[in-house]
Protein chains: 2
Amino acid sequence: MAKLDESLIAALAPFQKLDRHQIREILDQAVPKRHDEGSEIFREGEEADRFFLLLDGFVRVVRTTPTGEQVILRHIPPGQLIGIAPALGRPTYPASALSASESLTLAWPVRLWAVFLERYPGFASHAMSAMGQRFQELHDHVTELATKAVEQRVAACVLRMVNQSGRKVEGGIEIAFPVTRANIAEMTGTTLHTVSRLLSAWERDGIVESRRKHIVVTAPHRLVILSGATG
Amino acid sequence: MAKLDESLIAALAPFQKLDRHQIREILDQAVPKRHDEGSEIFREGEEADRFFLLLDGFVRVVRTTPTGEQVILRHIPPGQLIGIAPALGRPTYPASALSASESLTLAWPVRLWAVFLERYPGFASHAMSAMGQRFQELHDHVTELATKAVEQRVAACVLRMVNQSGRKVEGGIEIAFPVTRANIAEMTGTTLHTVSRLLSAWERDGIVESRRKHIVVTAPHRLVILSGATG
DNA sequence: GTCGTTTATTGATCTTGCGCAAACTCCGGA
DNA sequence: TCCGGAGTTTGCGCAAGATCAATAAACGAC
């Protein structure tokens, strides 16, 4: 197997403070893997024996309720660690990770987590602050679900995806990975029907344009207003 | 000021593995404080300069939306650390902490967090696993808000409080701190009216009994069924 | 190309639970 | 003891959004 190139991760937040030699060490222990769109990276309840770095693509973190409904907890952009539950003393993954677009991960056995924390400067503090940020996001999410109306939630959800992964296209900003109406419904706690109606209405109003699985936001500021963000 | 007794914290999870001498060190750096019911321990947005241990009483973690609504994110029982956001690299507290019943805290300056992590065996791993558990809870909360109907959410919420802080009384199990209908509404993303109606209905059905600010669950199993926990 | 599946749209109807309003009860303080 | 405020109960009407249902468009496999 060809050696992984150091430039792959040298610039990423978790490893920013490390020298070439350390990057090399880390890469030599990593197992790279490609994931097709829709495929499972790890599954809820599975023994959590590895943690991952998402090099390219987008990942959806999903939970399934006892009654079979799916809830999308978050989307992860490239450059972030995923599946770090084992590092938090959890024996199993608390949610499933699905590849939202074709993607590439590196994986390490969970025993290396402690080693990384101790040996690589900046890794521990990055991990901590990533968790802090994640708490913040979850609190936001709960607050939103508890207080906002459906239209505001969907608007906020679309905006979040755009902010996290928007790429400029002519006429607006496009969400960089495939998203269905059902996906948005699973993120916002509503139904695909309602999401479809909202997107249709927004399209009539010139706020978004959408094709199958793709959404382009043409008037972000108006979405911000709809989302009820009181600044 | 009288020295704090070592037995106060020696048995608590974060400090379980420490010897007398270490417990002494920790206590000598702590600032104890009593909080009246309803008083603020720290406030959202405030500079996060201390972290706390809740020795006695119950604490509500609350966020206020830009539109003035309150959302109760969690209740914390005695023996747990609170306000550990600064340890996660956050410069300000992400939520407010209110004393739900008269309570007692110990506080340490945030710079000691790193010292505790390093010097006291078991502290770091306890902190990690507490965070892991907290993530789990937040994921549960999001899932619940996104998929369950109001009655199920309220039932689950009451059950959670009972499980966390229930004390046996004649005729059932009582939630150990004062809770109003409005509080439950703020936890479950509904209105106090709906909560009141639900509790009245449950009282008619013999599932709960409630006085002002106090709830006794007389038929927990029936609440479990209502909460839609498919086990 | 054709077939089958996945995704999206849209209408009609029904239900949940919110908003509003009014009254009542409990409790603490003057 | 009375008063005022906080907490609670309950009724009624309405609207947001779920559910049911049917169709259409896009795509992949063959």
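Any value given below was found using the heavy atoms of this structure, including those in side chains, with hydrogens, waters and symmetry copies removed. By convention in this document, chain letters (A, B, ...) are assigned in the order of the sequence lines, proteins followed by strands, and residues within each chain are numbered from 1.
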Does some side-chain heavy atom of [Y] sit less than 4.5 Å from a side-chain heavy atom of [X]?
X         : Y         : answer
Ile175(B) : Phe58(B)  : no
Lys213(B) : Thr180(B) : yes
Val62(B)  : Glu186(B) : no

Between atom [atom1] in [X] and atom [atom2] in [N], what is the gap in whole Å?
X         : N       : atom1 : atom2 : result
Leu198(B) : dT16(C) : CG    : P     : 12 Å
Asn183(B) : dA6(D)  : CG    : C1'   : 12 Å
Glu186(A) : dT6(C)  : CD    : C1'   : 14 Å
His214(B) : dG7(D)  : NE2   : P     : 12 Å
His193(B) : dG11(D) : NE2   : C1'   : 12 Å
Ile184(B) : dT9(D)  : CD1   : P     : 10 Å
Trp202(B) : dT8(D)  : CH2   : P     : 15 Å

_Given dG17(C), dT9(C), dA8(C), identify the nucleotide with an atom nearest to the side chain of Ser200(A)._
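Of dG17(C), dT9(C), dA8(C), dT9(C) is nearest to the side chain of Ser200(A).
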*asked:* Of the listed nucleotides (dT19(D), dA8(C), dT10(C)), which one gets closest to any side-chain atom of Thr191(A)?
replied: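 Nucleotide nearest to Thr191(A)'s side chain: dT19(D).
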Please state whether the phosphate of [N], meaning OP1 or OP2, lies under 4.0 angstrom from any side-chain nitrogen or oxygen of [X].
X         : N       : value
Arg181(A) : dA8(C)  : yes
Thr190(B) : dG17(C) : no
Ser196(A) : dT9(C)  : yes

*asked:* Classify Leu199(A) by what it touches in the nucleic acid, base, sugar-phosphate, or nothing, heavy-atom distance under 4.0 Å.
replied: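 Nothing: the residue Leu199(A), judged by heavy atoms under 4.0 Å, touches no strand.
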*Start at the 5' end of DNA chain C and walk down; is the nucleotide closest to Arg212(A) or to Gly189(B) reached first?*
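Between the two, 5'-proximity favours Arg212(A).
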_Whether Arg153(A) side chain and Thr188(A) backbone form a donor-acceptor pair below 3.5 Å_ =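 Such a contact is found between Arg153(A) side chain and Thr188(A) backbone.
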*asked:* For Phe135(A) and Phe135(B), take the angle between the two ring planes, folded into 0 to 90°, and tell me which bin it lands in: parallel under 30, tilted 30 to 60, perpendicular over 60.
replied: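 The arrangement is parallel - the two ring planes meet at less than 30°.
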*Indicate, yes or no, whether a donor-acceptor pair under 3.5 Å links the base of dG11(C) to the side chain of Arg197(A).*
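In this structure, the two groups form a donor-acceptor pair.
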